[in-house]
Amino acid sequence: MQTDKLTFRTENLDGTTVVHIAGELDLEVASQMRATMEPLMELGDRKLVLNLRDLKYIDSTGIGILIGILKARHAKQAPFAVEEVPATIRKLFDMTGITPFLTAAESYSNGSPK
Amino acid sequence: MQTDKLTFRTENLDGTTVVHIAGELDLEVASQMRATMEPLMELGDRKLVLNLRDLKYIDSTGIGILIGILKARHAKQAPFAVEEVPATIRKLFDMTGITPFLTAAESYSNGSPK
Amino acid sequence: MKNDANVKLSVPARPEFVDLVRLTLYGIAAKMNFSYEEIEDMKVAVSEACNNAVLHAYGGEENGGSVDVRFDILGEDELRITVSDSGESFVPSGDLQSSNLLGKSIEEIQSGGLGLYLMQALMDSVEVRTQQGTAVVMSKRREAAGKASV
Amino acid sequence: MKNDANVKLSVPARPEFVDLVRLTLYGIAAKMNFSYEEIEDMKVAVSEACNNAVLHAYGGEENGGSVDVRFDILGEDELRITVSDSGESFVPSGDLQSSNLLGKSIEEIQSGGLGLYLMQALMDSVEVRTQQGTAVVMSKRREAAGKASV
Ligand SMILES: Nc1ncnc2c1ncn2[C@@H]1O[C@H](COP(=O)(O)OP(=O)(O)O)[C@@H](O)[C@H]1O
Ligand SMILES: Nc1ncnc2c1ncn2[C@@H]1O[C@H](COP(=O)(O)OP(=O)(O)O)[C@@H](O)[C@H]1O
């Protein structure tokens, strides 16, 4: 099995954890994604940001994981955002209706490095 | 049908015609290759060089076309060479035994532009 | 493509083979000159159908079941894709629209249930046939093709 | 790959579909972590078998025949590929070695006749079965796999 299908790089900034996700987020790597995010979701006093610039593919499996994170962070009253969403993925976020739940927070991290 | 599978760029230098072949040379594009080469093979007073730097794939169909060109040029006593052969393609040339027929001429065009 | 043609691909009903279906779809759709965006749409739709076969058809067990995908190239511009399994059948809900998140509060939204909705949003047509397993038949025409004939 | 698994691909016996077989092969071999060079070798071998089915099995006519390719993933390291057609059979010549150009003069060499020779040179094993058409069964093990077990 290929090991480089989905890769994570975590950056700890002042009060914010940015997770750069690269590759394809599909059913095959769903449990890998959940396992990586689980401990980070617990940190209620830090802002959690997913940088999706290098995400090439997502489907409803991946969107379901994002919904799970959204709800967990909401329950904790802890900030969560996505940033640098590629156009094809943005389209799926819009279609499914997840965009409004992500945008409020997203605007706040617009100044992130390109 | 994709139109960019195999592309040709012809360069006319002093006494030499260099044809840069890019893409995949397989059964699907064999007749396209033959049609492109036919008129150039006729020019017995010019050296004919195929630059294979951007050739990604070749199989026995393509090697068969090269043998055809080799024999036609030999019959005309007209010079023919290939240059910048990628390693994977070189391996197939060596296996099939076409290399010695191409190398004599090839050395002569080593100084060609990169 | 000169004539109508079809390509058939059968893979084990396991998560790690769904991307192979996407790759083959890519190869066919690129051959037909579908645009990048159209290809991405089809990739997601087809993956959703395959995911469903992997997750739901065979009870989530790795029991040797397969997912069969048939690509029908219809004329110059239309691709029809049939994803079938021979697992458990189901009765598709009529109301797919309500499965998206639009207009819901964060307390109401749930992960899951978006697959069939997305297939319908991304393809021109989607039909679910359930008899001896499930077959999802979906098709898409090239946009540029439609435009050219105006 | 956890278990043995197989993938089946069927394409029309037409030249423009052979690269689709290469693409699917690439997807499977990359999943199995074959090296770039090994994948290139297999691409050529499989294409030669497909070319033969396209050119020879159905008399070169586009009569709706298909080329069926079966990929068997055997354990972690071995890929067995079977390319079959249901066209005319043939009796493979025993002496493939003489089909290459080595040691010949330019007057002696001919284009053609290199396909089976290349399959054998590029794969670990090749077997030709002829009954109701032709089936070429070829297999390759990952080199790194062999090395690791030393
Ligand atoms: N191929 C299938 N075999 C059996 N049941 C299926 C199949 N496809 C879909 N279903 C059923 O339809 C439901 C809705 O599917 P879908 O909209 O894709 O969302 P999800 O898969 O996230 O539940 C599934 O939960 C499942 O019960
Ligand atoms: N699938 C096939 N069906 C019928 N005949 C075949 C098939 N494969 C090979 N052959 C026969 O074997 C011969 C040798 O094949 P090969 O070594 O690949 O060279 P080439 O295809 O260039 O002739 C072919 O010319 C053909 O007569």
Side-chain angles (χ1 to χ4, degrees), chain B residues 1-6 23-34 37-38 41 52 55-81 85-105, chain D residues 11-23 25-26 35-57 60 62 67 83 96-123:
Chain B
M1 216 162 37
Q2 278 162 302
T3 47
D4 53 356
K5 182 168 186 171
L6 188 70
E24 300 194 315
L25 177 46
D26 70 1
L27 189 59
E28 181 180 1
V29 293
S31 52
Q32 183 199 348
M33 171 81 182
R34 284 198 199 91
M37 295 309 300
E38 205 85 16
M41 278 156 64
L52 305 186
L55 189 64
K56 302 289 179 235
Y57 175 84
I58 196 169
D59 57 25
S60 72
T61 314
I63 293 175
I65 296 174
L66 296 185
I67 294 172
I69 300 174
L70 259 176
K71 289 179 74 90
R73 296 296 284 180
H74 177 77
K76 276 202 151 39
Q77 306 267 40
F80 171 59
V85 183
T88 47
I89 289 174
R90 157 77 55 178
K91 178 176 171 180
L92 296 173
F93 286 177
D94 289 349
M95 274 183 172
T96 54
I98 197 181
T99 304
F101 298 103
L102 299 167
T103 8
Chain D
V11 300
R14 286 163 29 193
E16 66 265 36
F17 286 96
V18 177
D19 58 4
L20 201 60
V21 179
R22 284 202 289 279
L23 189 67
L25 165 68
Y26 164 80
S35 71
Y36 170 76
E37 196 182 332
E38 288 166 334
I39 295 177
E40 292 303 309
D41 288 352
M42 289 192 280
K43 272 190 194 171
V44 174
V46 168
S47 299
E48 296 296 346
C50 292
N51 288 350
N52 280 349
V54 169
L55 289 173
H56 307 302
E62 292 198 355
V67 183
V83 177
L96 286 171
Q97 203 55 39
S98 73
S99 56
N100 69 38
L101 315 183
L102 298 164
K104 292 183 185 154
S105 73
I106 196 159
E107 286 79 11
E108 290 170 312
I109 64 175
Q110 296 292 342
S111 25
L114 289 169
L116 282 163
Y117 168 74
L118 271 180
M119 291 180 227
Q120 257 167 327
L122 293 166
M123 302 294 286

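Throughout, protein chains are lettered first and strands after them, A, B, ... in sequence-line order, and every chain is numbered starting at 1.
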- Is B:Glu24 paired with D:Arg22 through a side-chain N to carboxylate O contact shorter than 4.0 Å?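 Between B:Glu24 and D:Arg22 there is a salt bridge, with a charged N closer than 4.0 Å to a carboxylate O.
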
Find out whether B:Leu92 and D:Leu122 are in side-chain contact, i.e. whether some heavy atom of one side chain is under 4.5 Å from a heavy atom of the other.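 Result yes, sub-4.5 Å side-chain heavy-atom pair found.
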
Just wondering, do B:Thr99 and B:Arg90 contact through their side chains at under 4.5 Å, heavy atoms?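 Yes, at least one pair of side-chain atoms sits under 4.5 Å.
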
Ranked by heavy-atom pairs below 4.5 Å to chain B, first place among D:Ser99, D:Gly112, D:Ser105 goes to D:Ser105

Examine whether an atom of [X] lies under 4.5 Å from a heavy atom of chain D, and if so say whether it belongs to the side chain, the backbone or both; otherwise answer neither.
X       : answer
B:Thr96 : both
B:Leu66 : neither
B:Leu27 : both
B:Asp26 : side chain

Check your understanding: Relative to chain B, which segment of D:Val44 carries a heavy atom at a distance below 4.5 Å: side chain, backbone, both, or neither?
Key ->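 Its backbone and side chain both get close to chain B.
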
Cut-off 4.5 Å, heavy atoms of chain B, and the answer for D:Ile106 is both

> If you round to the nearest 0.5 Å, how far is CD of D:Glu48 from CD of D:Gln120?
Replying inline: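 Between atom CD of D:Gln120 and atom CD of D:Glu48 there are 12.5 Å.
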
Value for CG (B:Leu25) from CG (B:Leu55), rounded to nearest 0.5 Å, stands at 6.0 Å

request  = Using the test salt bridge (charged side-chain N to carboxylate O under 4.0 Å, His left out), find all partners of B:Lys71 that sit at least two apart in sequence or belong to another chain.
outcome  =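 If we apply the salt bridge (charged side-chain N to carboxylate O under 4.0 Å, His left out) test to B:Lys71, skipping adjacent residues, there are no hits.
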
